[in-house]
Amino acid sequence: MDKAFYSTKKYIPYLIIGPLFKVIEVIFELFTPFLMKYIVDVGYSYAFEYNDYSKIIYPGLIMIAFAIFGFCSTLVCQKLASIASQGSGTELRNKIYKKIINLSSVDIDHFGKGNLVNILTNDVNRIQSVVAMLIRLVIRAPILVVGSVICAFLIDVYAGIIFVSIVPIVMFIYFLILKISGKQYKKVQMQNDKIVEKTNDDINGIRAIKSFNNEEKEIIEYENLTKSFYKESKKAILTNELINPLTIFIVNVAILGVIYLSTFTFKNSSISYDKGDVVALISYLNSILLALIALCNLILVFTKGFSSNARINEFLNYKEVIEDNGKIVKESINEGENLIKFNDVSLSFNNENNVLNHIDFEINKGEIIGLIGGTGSGKSLLIKVLERFYEFNEGEVLYKGINIKNYDIKALREDIGFVSQKAQFLKGTIKSNMLIGKSDATDKEIIEALKLAKAYDFVKEYEDTINHEVLEGGKNFSGGQKQRLSIARGILSAKELLILDDSTSALDYLTDKEVRKNLKKKKITTIIISQRCSSIMDATRIYILEHGEVVGVGTHKQLLKKNEVYQEIYASQTRSK
């Protein structure tokens, strides 16, 4: 079982050495009140009676030395804490990102994008804070409290009893608040996930929101989410904020007890008339107060951290729906041999109705296959099953004659060049974006792919050609240009198969036709998913999907003669011509 805190393994020496420097600091801090006591009881007397200030100056210099050594110890501890917390946080973040990037579509749907973003950012940051606090404060607070109690007993037994009595009271309060606020912070995280998810959805869909004048509705929905977040956060924060005033109240009661002891004579009390003892005890009580307040902050950090730790552990130990157990890799097959074959494949989500129903589908090397059907017919889902982003429930999928579940997923996806309808580009150059498809591609290969996709027609017009700048999201190109560049990248990356998922929708009919003609000449095995009959009419074979079922197979001419669904689609697209 993998856990969030396993990322701290290599930093265990820091977790041990760092607190030792804090112990040194605490030791210096515990000795200081005794020096203050000496100055008050002895130093002042010598100064007033004998005009001798040595018993004030020398202890004072020792106190300054203690402060300097304590400061240096703190600096070392802080540095070790920074290295350990940031280092372990970086390792944990990389581990989580690696798991996210390898998740299938169904796994991402299970967690939700907003939740995954929060795990990767907020939750990891909280774990970093916990690691830092483990080194900086966890050992300091209890040692300072215990040390102050022991020193109080050395000064006076009754004072020591007062010190001892306040610790369990404060600990009980802390435990109670920790238990309550832990549950509250889980609700806060859930509300935060919803806000992140809503923000991502609205930013991605901002064009649609503005087009339909839906801004006011989205603002209201967002405000409702933030109100819920505020409500849950307020509860959690108010619960935790009780710690400070309660701690201060209890410690002040203890200070009153010490003053009471110093004012009235008790038979077994040695501090009744000793001013130095009172100063030292009040100093120790203030040290306890500061330690408990620090402990209060620790509880707040740890409450959030434990909640985040639980979520991260759940994610790290989540068993993916699609496991890469396949080890078989077949390098190549001959022209005309069977590349892909679906045998009676069905897919359903949560055991509900099938979204793919008894699909029979095949493609041989060198063929161009067309997929057509209405929205929600299962065209894109069929491709996701082929790429193993979704796992089918029934049937069998063969790739190069091998069961796809026994085939290495990475090798499978390396064979496939995929082009989606929405072309996606990263900030850089045309070349850097092409290299995403094939990292070792030469300039000659890139230009060849651009020519096949009819993208070189406009790329060659730039002075810097393939080194021309690409802005974020490719916003300095038109929709048609982005699609042609995207197709070129798909061609460059395709070893065995190129999938065009409605990726010519922004192209004019002539450019679309020329691209298909080039692919046919190049003999690239291709699956074209399209809403337009004109984009697939030259395909070797066309599959018509409707409600997750194949309702027709054949060439363009064959389907026009015998398939009513295809006839209706074709007629609807050509009637006005």
Side-chain angles (χ1 to χ4, degrees), residues 205 207-209 211-212 214 340 342 345-347 353-363 367-386 390 418-423 453-454 478-484 486-487 490 497-520 524-577:
R207 184 172 179 178
I209 292 169
S211 296
F212 294 106
N214 222 26
I340 299 160
F342 279 57
V345 171
S346 295
L347 168 65
N353 294 333
N354 288 342
V355 288
L356 289 180
N357 196 23
H358 302 289
I359 296 289
D360 288 311
F361 167 85
E362 65 178 333
I363 179 170
E367 288 186 324
I368 296 178
I369 298 296
L371 291 179
I372 194 167
T375 303
S377 60
K379 305 185 300 296
S380 296
L381 191 57
L382 185 148
I383 298 304
K384 288 179 179 178
V385 169
L386 169 61
Y390 285 102
F418 177 75
V419 185
S420 64
Q421 181 180 9
K422 186 179 179 181
K454 300 300 292 180
S478 68
Q481 288 176 328
K482 284 193 286 187
Q483 280 201 340
R484 280 184 276 175
S486 188
I487 292 169
L497 176 66
L498 175 63
I499 299 172
L500 303 177
D501 189 356
D502 208 12
S503 53
T504 59
S505 58
L507 304 184
D508 59 78
Y509 283 94
L510 181 59
T511 304
D512 183 10
K513 184 178 180 180
E514 289 177 348
V515 170
R516 287 184 282 109
K517 186 179 178 181
N518 289 342
L519 294 175
K520 196 170 184 179
I524 299 174
T525 310
T526 308
I527 297 175
I528 301 175
I529 302 173
S530 181
Q531 303 283 354
R532 302 191 313 206
C533 291
S534 61
S535 295
I536 59 172
M537 60 193 307
D538 296 326
T540 311
R541 199 162 46 259
I542 299 170
Y543 288 83
I544 307 166
L545 272 74
E546 193 173 66
H547 304 303
E549 296 183 4
V550 175
V551 295
V553 184
T555 62
H556 173 69
K557 291 181 179 179
Q558 289 171 342
L559 293 171
L560 276 180
K561 288 180 180 178
K562 64 179 183 180
N563 190 280
E564 291 183 5
V565 176
Y566 192 78
Q567 289 167 358
E568 288 178 8
I569 295 171
Y570 184 76
S572 68
Q573 295 176 6
T574 59
R575 191 174 294 128
S576 60
K577 295 183 179 181

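Keep in mind that what you see is a predicted model, and the values were worked out from it rather than measured.
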Which side-chain N or O atoms in residues 558-565 pair as donor and acceptor under 3.5 Å with protein atoms at least two apart or in another chain?
{"unit_1": "Gln558", "atom_1": "OE1", "unit_2": "Thr555", "atom_2": "N", "d": "2.9"}
{"unit_1": "Gln558", "atom_1": "OE1", "unit_2": "Thr555", "atom_2": "OG1", "d": "3.4"}
{"unit_1": "Asn563", "atom_1": "OD1", "unit_2": "Val565", "atom_2": "N", "d": "3.1"}
{"unit_1": "Asn563", "atom_1": "OD1", "unit_2": "Tyr566", "atom_2": "N", "d": "2.9"}
{"unit_1": "Asn563", "atom_1": "ND2", "unit_2": "Val551", "atom_2": "O", "d": "2.9"}

Between atom NE2 of His556 and atom OH of Tyr570, what is the distance when rounded to the nearest 0.5 Å? 4.5 Å
Measuring from Arg516:CZ to Ser534:OG, what's the distance to the nearest 0.5 Å? 6.0 Å
Determine whether Lys384 and Phe418 make a side-chain contact, defined as any pair of heavy atoms from C-beta on separated by less than 4.5 Å. no
A side-chain contact here means heavy atoms from C-beta on lying under 4.5 Å apart; do Leu356 and Tyr390 qualify? no
All heavy atoms of Gly370 vs all of Ala539, minimum pair found to be N-CB, 3.7 Å
To the nearest 0.5 Å, how far apart are CD in Gln483 and NZ in Lys454? 16.0 Å
Should Ile369 and Ile340 count as side-chain neighbours, where that means a heavy-atom distance under 4.5 Å? no
Smallest separation among heavy atoms of Ile569 and Cys533, with atom names: CG2-SG, 3.6 Å
Using side-chain heavy atoms (C-beta onward) and a distance below 4.5 Å, is Thr525 in contact with Ile363? yes
Among Ile529, Ile536, Ile528, which one satisfies side-chain contact (heavy atoms from CB on, under 4.5 Å) with Leu500? Ile528
When you look at NE2 of His547, are more than 12 heavy atoms from neighbouring residues, nucleotides or ligands closer to it than 6.0 Å? no
Under a 4.5 Å cut-off applied to non-hydrogen side-chain atoms, are Phe361 and Leu545 in contact? no
Mind checking what makes salt bridge (Lys or Arg N to Asp or Glu O under 4.0 Å) contact with Lys482, not counting sequence neighbours? none
With heavy-atom distances below 4.5 Å as the criterion, would you say the side chains of Leu347 and Val345 are in contact? no
Approximate separation, where rounding is to 0.5 Å, of Ile527 CD1 and Tyr543 OH: 9.5 Å
Decide side chain to side chain contact (heavy atoms under 4.5 Å, CB included) for Leu386 and Leu497; before the verdict, give the C-alpha distance in whole Å, the side-chain angles of both, and the deciding distance to 0.1 Å. CA-CA 11 Å; Leu386 169 61; Leu497 176 66; 3.8 Å; yes
Which atoms form the tightest heavy-atom contact between Val419 and Ser486, and what is the distance? CG1-OG, 3.3 Å
Closest heavy-atom pair, Gln531 versus Gly373, reported as atoms and distance to 0.1 Å, is OE1-O, 3.2 Å
Measure the shortest side-chain to side-chain distance between Ile383 and Asp501 over non-hydrogen atoms and say whether it is less than 4.5 angstrom. no
Side-chain touch Asp538/Ile368, heavy atoms, less than 4.5 angstrom: no
Pairs in or reaching into residues 541-557: which pass salt bridge (charged side-chain N to carboxylate O under 4.0 Å, His left out), with residues at least two apart or in two chains? Glu367-Arg541
